[in-house]
Amino acid sequence: MKTSSALPLGLFISDRVDRNNAKEIDRLAAEAGVTLRRYTFERPPIRPDLIDAAFFSRDLYEGSSLRKPGPLSEAFFRVIDAAPGLRWLHVCSSGLDLPQYQHSLRRGVMLTASRGSTALPIAQTVLAAVLGQARGLDHWLAAQAQREWSPLTGQALPRKVEDQEVVIVGAGAIGGEIARLLKAVGFRTTAVRRSDTPAPHCDRSVSIEHLDSVLPGCDWLVLAAPLTEETRGLIDARRMNLLSPHARIVNIARGELLDETALIDALRNGRLRGAYLDTFIQEPLPADSPLWTLPGVWISPHNSAASQGHEER
């Protein structure tokens with residue numbers, strides 16, 4: 001990167017980030033010995049070659065879905081994709097698979113993600129969904145909708161949380177935080193990662209090659225891994241059949257990690273008890289998808305990270 005002895009470093013950011021964070025950005029640049037010039041839509045560069053770095057912030061993602069950029073996103077990438085000297089793009093997401101990023105990747109721009117910035121709110125959402133279903137909230141809420149006084153008794157009593165095993169695929173910032181919170185309330189936790197190196201807050205770790213071995217004893221299968229060629233279609237019909245009928249699936253990663261058709265079939269036929277799903281192959285989830293109405297399925301609209309304070313993080 002250019003230093004104070006060279007031409008200023010050109011940084012392209014949103015107008016909102018500039019208004020809210022200009023002083024802090026300039027302070028950090030000064031500490032690093034960088035002479036910085038900030039550009040925005042309201043204050044664009046006179047030439048595209050003056051842009052060296054850019055930040056795709058959360059406000060620019062508004063109006064987008066996972067696979068369909070919104071107008072603000074399209075406007076931002078029209079500017080930076082035309083910048084011949086762009087060397088660094090930082091993005092608000094934790095994954096690097098959004099279609100908007102691919103041009104920068106193809107031309108060798110350094111691309112960095114905001115891994116960990118959404119870990120805590122996503123983990124809190126997963127905790128709420130898993131603990132809620134484990135303790136019978138799905139039953140009580142369905143009864144409430146019908147104005148039925150329907151206590152859980154006998155064989156319908158919830159199993160002890162301490163007897164339930166959560167298998168978390170992906171032990172990064174998000175998966176690690178999920179493990180921490182679930183472990184804190186008593187769940188047993190297993191991490192599935194690239195190696196069997198111990199993971200914090202997990203009772204055991206296994207490598208991805210041994211995923212099949214931990215599925216039969218799994219009560220909750222939580223998908224928190226990035227989408228790669230290795231993880232695409234990871235949970236297919238064969239692996240769903242390895243799960244017990246009382247198991248549930250949680251997906252807060254990417255829809256492409258699991259076979260949705262196989263999932264729908266397993267839920268319809270009682271091969272799985274339920275699911276909490278935040279991400280889908282097609283987003284928004286089509287109104288005619290059976291997932292909306294299948295018993296035991298909770299859905300959020302790719303919104304598990306929703307939290308005030310995200311922009312500051």
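Sequential numbering from 1 along the given sequence is applied to the chain's residues. Every heavy atom of this structure was used, including side-chain atoms; hydrogens, water molecules and symmetry mates were not.
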- Query: Do the side chains of Val166 and Arg188 get nearer than 4.5 Å, heavy atoms only?
  - Reply: no

- Note on the structure: Exactly one of Lys160, Arg248, Arg159 clears salt bridge (Lys or Arg N to Asp or Glu O under 4.0 Å) with Asp219, and that residue is Arg159

- Task: Please answer: with hydrophobic residues joined when any side-chain heavy atoms are less than 4.5 Å apart, are Leu9 and Leu28 in the same cluster?
- Result: no

- Got Ser73 and Phe56 here, is their nearest side-chain heavy-atom distance under 4.5 Å? yes

- Message: Is a donor from one side chain sitting under 3.5 angstrom from an acceptor on the other, for Ser93 and Tyr101?
- Response: yes

- Nearest heavy-atom approach of Ser304 to Thr125 is O-OG1, 2.8 Å

- Is there a chain of hydrophobic side chains (I, L, V, M, F, W, Y, each step under 4.5 Å between heavy atoms) that links Val297 to Ile281? no

- Task: Say whether Leu257 and Ile299 are linked into one hydrophobic cluster, either directly or through other cluster members, by side-chain heavy-atom distances under 4.5 angstrom.
- Result: yes

- Message: Any carboxylate oxygen within less than 4.0 angstrom of a Lys/Arg side-chain nitrogen, looking at Arg67 and Glu256?
- Response: yes

- Message: Taking the basic N atoms (NZ, or NE/NH1/NH2) and the acidic carboxylate oxygens, is any pair closer than 4.0 Å for Glu62 and Arg58?
- Response: no

- Salt-bridged, Asp265 to Arg271, with N to O below 4.0 Å? no

- Between the side chains of His210 and Ser213, is a donor N or O closer than 3.5 angstrom to an acceptor N or O? no

- Query: Is there a donor-acceptor contact under 3.5 Å linking the side chains of His90 and Thr112?
  - Reply: yes

- Do Val167 and Ile208 share a hydrophobic cluster, counting only Ile, Leu, Val, Met, Phe, Trp and Tyr and linking them when any side-chain heavy atoms are less than 4.5 Å apart? yes

- Ile252 versus Leu223: any side-chain heavy-atom pair under 4.5 Å? no

- Query: So with a 6.0 Å cut-off around CZ of Arg37, is the heavy-atom count from everything else above 12?
  - Reply: no

- Item | Residues Gln164 and Trp220: side-chain donor-acceptor under 3.5 angstrom | yes

- Examine the side chains of Ser300 and Tyr276 and answer whether a donor and an acceptor come within less than 3.5 Å of each other. yes

- In this structure, are over 12 heavy atoms from other groups packed under 6.0 Å from Gln308 atom CD? no

- Message: Quick check on Arg135: does its CZ atom have over 12 non-hydrogen neighbours (other residues, nucleotides or ligands) under 6.0 Å away?
- Response: no

- Among the clusters formed by ILVMFWY side chains lying less than 4.5 Å apart, do Leu60 and Leu89 turn up in the same one? yes

- Query: Is the closest side-chain donor-acceptor distance between Asp196 and Ser207 under 3.5 Å?
  - Reply: no

- For Arg273, does the CZ atom sit with more than 12 other heavy atoms under 6.0 Å from it, leaving out its own atoms? no

- Message: Minimum heavy-atom separation for Cys218 and Ser244, please, with both atom names.
- Response: O-OG, 3.9 Å

- Task: Give the minimum heavy-atom separation between Ser205 and Ala199, together with the two atoms involved.
- Result: OG-N, 3.1 Å

- Between Ser94 and Ala113, the two heavy atoms sitting closest are O-CB, 3.6 Å

- Could you tell me how the ring of Phe41 sits relative to the ring of Phe76: parallel (under 30°), tilted (30 to 60°) or perpendicular (over 60°)? perpendicular

- Message: As a test of understanding, state which of Val192, Val214, Thr189 forms a side chain to side chain contact (heavy atoms under 4.5 Å, CB included) with Arg204.
- Response: Val214

- Query: Any idea which heavy atoms bring Ala123 and Glu177 closest together, and the distance?
  - Reply: CB-CG, 3.5 Å

- Less than 4.0 Å between a side-chain N and a carboxylate O, is that true for Arg43 and Asp18? yes

- Would a 4.5 Å heavy-atom cut-off, applied to side chains only, mark Leu72 and Tyr61 as touching? no

- Query: Any side-chain heavy atom of Leu234 within less than 4.5 Å of one from Leu258?
  - Reply: no

- Message: Tell me whether the count of non-hydrogen atoms from other residues, nucleotides or ligands lying under 6.0 Å of CD in Gln144 goes above 12.
- Response: no

- Query: Just by distance, with hydrogens left out, do Glu283 and Ser65 show a side-chain donor and acceptor under 3.5 Å apart?
  - Reply: no

- Message: I'd like to know whether the aromatic ring centres of Phe12 and Phe55 sit less than 6.0 Å apart in this structure.
- Response: no

